[in-house]
Structure formats: C-alpha cells, structure tokens
Asks: 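Have a look at this one.
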Amino acid sequence: MKIDAFAHTLPVGLLKAIQAEVPDIIEKNAFLQIPALTDLKIRRENYPAGVKQIISNVNLNPEDYFSGDKAADLCELGNDELLKLVQDNADIFEAAVAMVPMNNLSKAIEIIDQQVAKNFVGVQLFTRALGKSIADKEFEPIFAEMSKLDLPIFLHPVFDERKPDNNITFSWEYELTQAMYQIVKAGYFEKYPNLKIIVHHAGAVVPFFAGRIKYTMSAQEASDFQKFYVDTAILGNPKALELAVDYFGPSHVLFGTDAPFAVMPSGATNEVIQAIDDMQVAPDIKEDIYSNNILKLMR
C-alpha cells in the first residue's frame, strides 16, 4: 500500500459556513473550483489503485476572513469534518492533518493538545500567515508544541500578497524555500529537537542550491536544512526526486502528490508514481518513500 502524505480536500460543511459570510469565495479563488475537492463520487471514480491518502484542507484559511474566535470555531468544524471523512472513507483515506487558527494562538495550542494529539497525524501550516513569515516569533509556540508532541508540521506554500507578479508555476517554490530559510535562521531545529517539518513540492529549490547553502551559511544552518522532510509532489521528474533523496536522505522523502490538483479530474498520482518507479535508487528506498517513512512519523 502506498500512502500519499500530502493530498487535499475541502470539507463541504466548512465551505458552506465560510460562504454564508463570504458568498463569492469560490469565484475569487480559482483553485477551489476543482470538483474533486468536494465531490467524493468524482474522487472515487478516478481513484488510483493501491493508494491511501492523508488529507489536509486546501489552502482556504479561516484567519484570512474572520476574527480569532470565529476562525477557531471554523478550524474545529473543519477538523471534525476531516476526521469524519477519514472514518467514512477508510478505504481511500489513511488519516487527516489538522487546521489551526493563526490569529488565535491560545486556541491553536488548545486544538493541538485536545484534537491533534488524539486524532490527527499533524497540523498544516502555511509559508505565511497574517502577512508575516511563518517563522515570525509570534507563531513560535506552535512549533514548540508540535515538537513537544513529536508530531509533524505539514508546510504548504501560499503567495506573498505584497508581490505583484505571483504565479502558480514558480512563486510557491520560492515561498517554500524562503520559509525553510527563515525557519533555519530562527534556530527552531536547535531549540526544538523533536521538531519535524514536511515540506511540500520536494523541498522546492533547496536541493538544487545545496552548494550555495553550504558556502553562504554556517555549518549548523546547512546541517539544519537537511533536517526537513519533503514530499514527491512535483508532477514527475525522477532526476529531481533523486536529487531530493541525495540531499535530504532516503528516510526524509515521502510519497506525496498534491491530489486532486494539476492533472484533472483527480490529480497527478499516476504521474508521481511513475516518476518514483523510474528513479535510479534501490527498491528498498522506493518502499520507504511510498509508505515506511511516513508511517514512522505517524502515531
């Protein structure tokens, strides 16, 4: 069985609750218009054999639209729905990743302690929140709490809205790389030894610029970059995945597809599997990528 560590859904109840106050939310966000995010029938009709997905909410974040208390209520609603989706569809969903309200940190910690610790495999954070880097001091308590629980953070990119030329092809890769840099510079891997962060899109451009990291940063910082975990969600390219394995190590690369995005109607799972199968690495490394590595991070 292959376990897709980074697949997305959009809980229908959460969407309706947001639409009640932001009725044009779908029209304003083209990425929310993919039917398989909300329609399980479509998802099942095109579901790849031998795969189970770990689902996280698509990047529709309540704190971007609501006050702290309302955002917390919506995160709890979304988390309850994610769990029910897993329970009701255990043949295709392995587990869920929780939402936390970044504009209500006390409630975010409560959700981590009460919901995440018992029922989820981790929390999803984004490269920026409330106009700030995710490595901003304000958000550090979440990193500390996740280290204490020894559960992973799933790091997903978002646009930096200050930039006028954002694009889906390259901007997210820059944002992921920059967030990794900021997390390393904040010293979080030294402060929190159990911290585990799974970075979407194979760690973006970090493996390609290993030499720049080595010669422009301290030895400790260069070492910390290799403590990230990464997924395989780059829509193919076995040589790039081999580079990720070379840089982060075979135990830090996880099967992930970003389903249902990129290849309609239900994602690029087949393309990602083909790329992993075509990698020039040992069979046991491929087995670790497909399931063993994520299973070691799950409880």
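When a residue number appears, it is its place in the shown sequence, counting from 1. No hydrogens, no waters, no symmetry mates; every other heavy atom, side chains included, goes into these values.
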Asks: Is the shortest side-chain heavy-atom distance between Ile197 and Phe143 below 4.5 Å?
Replies: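 Yes, side chains in contact.
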Asks: Taking atom types as modelled, is there a side-chain donor on Asp80 or Gln115 under 3.5 Å from an acceptor on the other?
Replies: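 Indeed, the side chains of Asp80 and Gln115 share at least one donor-acceptor pair under 3.5 Å.
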Asks: What I want to find out is whether Asp150 reaches Lys196 closely enough, with some N-O distance under 4.0 Å, to be called a salt bridge.
Replies: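 Salt bridge between Asp150 and Lys196, a charged N being under 4.0 Å from a carboxylate O: yes.
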Asks: One pair to check against salt bridge (Lys or Arg N to Asp or Glu O under 4.0 Å): Arg128 and Glu175. What are the steps and the verdict?
Replies: CA-CA 8 Å; Arg128 296 184 64 79; Glu175 297 304 334; 5.4 Å; no
Asks: Could you check whether Phe228 and Phe189 have their ring centres less than 6.0 Å apart?
Replies: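 Centroid separation for Phe189 and Phe228: below 6.0 Å.
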Asks: Please determine if Asp73 and Lys70 form a salt bridge, counting it only when a charged side-chain N lies under 4.0 Å from a carboxylate O.
Replies: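 Not counted as a salt bridge, because no side-chain N and carboxylate O are separated by less than 4.0 Å.
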Asks: Is a salt bridge present between Lys84 and Glu81, judged by a nitrogen-to-oxygen distance below 4.0 Å?
Replies: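 Salt bridge between Lys84 and Glu81, a charged N being under 4.0 Å from a carboxylate O: no.
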Asks: What residues form a side chain to side chain contact (heavy atoms under 4.5 Å, CB included) with Glu110, not counting sequence neighbours?
Replies: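 Side chain to side chain contact (heavy atoms under 4.5 Å, CB included) list for Glu110, sorted by chain: Lys107, Gln114.
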Asks: So do Thr269 and Phe255 actually touch side chain to side chain, heavy atoms under 4.5 Å?
Replies: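 Yes, side chains in contact.
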Asks: Using a strict threshold of under 4.0 Å (side-chain N to carboxylate O), is an ion pair present between Lys2 and Glu94?
Replies: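 Salt bridge absent between Glu94 and Lys2.
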Asks: Any chance CZ of Phe159 has more than 12 other-residue heavy atoms, nucleotides or ligands included, within less than 6.0 Å?
Replies: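 Yes, because the 6.0 Å sphere around CZ of Phe159 holds more than 12 heavy atoms from other groups.
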Asks: Show, in sequence, the C-alpha distance, side-chain angles and deciding distance for Phe154 and Phe6, and conclude whether the ring-ring contact (aromatic ring centres under 6.0 Å, His included) test is met.
Replies: CA-CA 8 Å; Phe154 292 67; Phe6 234 126; 5.6 Å; yes
Asks: If the threshold is 4.0 Å, N to carboxylate O, is there a salt bridge linking Arg162 and Asp160?
Replies: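 A salt bridge is present here (some side-chain N lies under 4.0 Å from a carboxylate O).
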Asks: Tell me, with the steps shown, if Trp172 and His156 meet ring-ring contact (aromatic ring centres under 6.0 Å, His included).
Replies: CA-CA 9 Å; Trp172 278 2; His156 193 285; 5.5 Å; yes
Asks: Do Glu21 and Tyr65 have side chains that get closer than 4.5 Å, going by heavy atoms?
Replies: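 No - every pair of side-chain heavy atoms lies 4.5 Å or more apart.
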Asks: Just by modelled atom types, is the Ala202 backbone N or O under 3.5 Å from a matching donor or acceptor in the Asp231 side chain?
Replies: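 Yes: the side chain of Asp231 pairs with the backbone of Ala202.
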Asks: In plain terms, say whether Arg44 and Asp91 are close enough for a salt bridge, that is, a side-chain N and a carboxylate O under 4.0 Å apart.
Replies: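 Looking at Arg44 and Asp91, the cut-off is met.
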Asks: Would you check if Pro62 and Met99 make a side-chain contact, meaning some heavy-atom pair closer than 4.5 Å?
Replies: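 Yes, close enough: below the 4.5 Å cut-off.
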Asks: Would you check if there is a donor-acceptor pair between the side chains of His252 and Asn293 at a distance under 3.5 Å?
Replies: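 Checked: Asn293/His252 side chains show no N/O donor-acceptor pair below 3.5 Å.
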Asks: To the nearest 0.5 Å, tell me how far Lys286 NZ sits from Asn292 CG.
Replies: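 Separation between the atoms: 14.5 Å.
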Asks: Do Glu242 and Tyr247 get their side chains close enough for a donor-acceptor pair, meaning under 3.5 Å?
Replies: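 On atom types as modelled, these side chains do not qualify, holding no pair under 3.5 Å.
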